[in-house]
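A short worksheet on the structure shown next.
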2 protein chains.
Amino acid sequence: MASSLSTEEKIKAAAKQVFISKGFSGCTSRELAKASGMNVALVNYYFRSKNKLFQLIFQTVMEEFFESMVSVFSSDLPLKEKLKFLIEREYAFLSKHPEIPRFIINELSRKDTDLIELTHVLPVIYNTGVIEQAIEAQKKGEMRRVDMVGITLLVISNCQYPFMAKPLIKNLHNLSDEQYQQHLELHKGMVSEMIIGYLFPPVPKQNKK
Amino acid sequence: MASSLSTEEKIKAAAKQVFISKGFSGCTSRELAKASGMNVALVNYYFRSKNKLFQLIFQTVMEEFFESMVSVFSSDLPLKEKLKFLIEREYAFLSKHPEIPRFIINELSRKDTDLIELTHVLPVIYNTGVIEQAIEAQKKGEMRRVDMVGITLLVISNCQYPFMAKPLIKNLHNLSDEQYQQHLELHKGMVSEMIIGYLFPPVPKQNKK
DNA sequence: ACTTAATTTAAACAATTGTTTAAAACAATA
DNA sequence: TATTGTTTTAAACAATTGTTTAAATTAAGT
């Protein structure tokens, strides 16, 4: 039962859910309290303010968000397999946490937010050696000359957007939840094949020196 | 000068900007009033309530959002050219209105929102004959057998996400605005080539039947 | 000029916001 | 048991919320 958790952790867990689904400005202190079965004063007793609590939770969500990405790049696989694996992992993560990309993108585009430091995550990825893998594959002419920003964008666009846009696409195409789920599963395969097919064209385009 | 507009239109124009960038729950009635140079009472005098004003604006934003998409499908072009054109148009639209996809997706995923009817836009697209074009191209084996949902998802994922995720990617890769702009331009070409290359594979996969 | 209607303003409304207070309940230790 | 310190509660705080009122101003038509 959830009551085995401490009050502090109950509030944190509930607040995470509420913040993710409604955003910082979409919920109130009392709503956060009620969602954890506590009262308003307790929220501020443990976390000082709504804003402090949010900052704390946003940080942890960001870490979860990048965790699997880093772990995949750190794995001992050829680049092409890493990318297939990454897409698979992203879809698995998003199936569990479909609201997180929207939440993060939203809160990051608030002008008035104390923006979180992400500078530490890039070096971690770079240290996995994935850059060297890409450069080598490109030298051999096996891989298209796309930089890390381009690769990142390709992968997360095609993975995250379909989850974020669920209400839009469902509404637009008149789909049930089950139908959309099927489309997502189908789409994963297409995305994987498309991206791999693009980045690693069957016939080498050119061998730049 | 903007003062040539009527009070009602000044409020509407300012509210559109504010709603799009801060969302319904991210702004106040007084903020909407101040942004148009008016006062709170005038907002409710012309639009009855904050919610009514929002509903009105959301509707018009949605229409702008689908306008170019429909117009491209209605154009007299072969399917492959339509898709190239669509991507080009999407990028042009998003360069002008980079905040709109996030705004729409956000507001559509609010549980408590009176959801807008989109059922009229799908028939419009279907009536352009694009479906028949796709089926024919697929019969000839020129095009992969991907349905309308899949095509839609591919295009708008790769177009919209890079604009939505600007703060995330900028932060992650430590890019300046100018650098990100360059990446966007570069990405457009990649996306177009990738999607076309995937949907219309150079060597016909198989001729079903 | 007079009357009527439409527009704009300042002020007020009750409800809700984030946050704090001070007392109560609890737990641990002596 | 008495005395700590910690946790929880109910109530209050001023500020802000969406909305309304009623008076003031402007515009239009006679």
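In what follows, every heavy atom counts, from backbone to side chain, and hydrogens, waters and symmetry copies are set aside. So you know, we letter chains A, B, ... as the sequences are listed, proteins then strands, and number each from 1.
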Without decimals, in angstroms, what is the distance between A:Glu8 CD and D:dT7 P?
9 Å
Does D:dT8 have OP1 or OP2 under 4.0 Å away from a side-chain N or O of A:Tyr46?
yes
Sequence neighbours excluded, which residues qualify as ring-ring contact (aromatic ring centres under 6.0 Å, His included) partners of B:Phe65?
none
Parallel under 30°, tilted from 30 to 60°, perpendicular over 60°: which one fits the rings of A:Phe93 and A:His97?
tilted
Check this for me: does any side-chain nitrogen of one of A:Lys80 and A:Glu142 sit under 4.0 Å from a carboxylate oxygen of the other?
no
B:Met38 has an atom CE; how far is it from atom P of C:dA10, in whole Å?
13 Å
Let me have the donor-acceptor pairs involving side chains of residues 36-44 of chain A, under 3.5 Å, with sequence neighbours excluded, atom names and distances please.
unit_1: A:Ser36; atom_1: OG; unit_2: A:Leu32; atom_2: O; d: 3.4
unit_1: A:Ser36; atom_1: OG; unit_2: A:Ala33; atom_2: O; d: 2.9
unit_1: A:Asn39; atom_1: OD1; unit_2: A:Ala41; atom_2: N; d: 3.2
unit_1: A:Asn39; atom_1: OD1; unit_2: A:Leu42; atom_2: N; d: 3.1

Sorted by chain and number, sequence neighbours left out, ring-ring contact (aromatic ring centres under 6.0 Å, His included) with A:Phe85 holds for none
Is the distance from OP1 or OP2 of D:dT7 to the nearest side-chain N or O of A:Thr7 less than 4.0 Å?
no
For each nucleotide in nucleotides 16-23 of chain C, reading 5' to 3', give B when a protein heavy atom comes within less than 4.0 Å of its base, S when such contact involves only the sugar-phosphate, and - otherwise.
-BBBB---
Once you apply a heavy-atom cut-off of 4.0 Å, does A:Phe47 come out as touching a base, just sugar-phosphate, or nothing?
nothing
Check the surroundings of atom NZ in A:Lys34: do more than 12 heavy atoms from other residues, nucleotides or ligands lie under 6.0 Å from it?
no
To the nearest 10 degrees, what angle separates the axes at the start and end of the helix from C:dA1-D:dT30 to C:dA30-D:dT1, five pairs each?
10°
Applying side chain to side chain donor-acceptor pair (under 3.5 Å) to A:Lys188 and not counting sequence neighbours gives A:Glu88, A:Glu185
Separation of C:dT9 atom C1' from B:Leu42 atom CG, nearest Å, is 8 Å
Give a yes or no on whether the backbone of B:Tyr198 and the side-chain of B:Arg144 come within a donor-acceptor separation of less than 3.5 Å.
yes
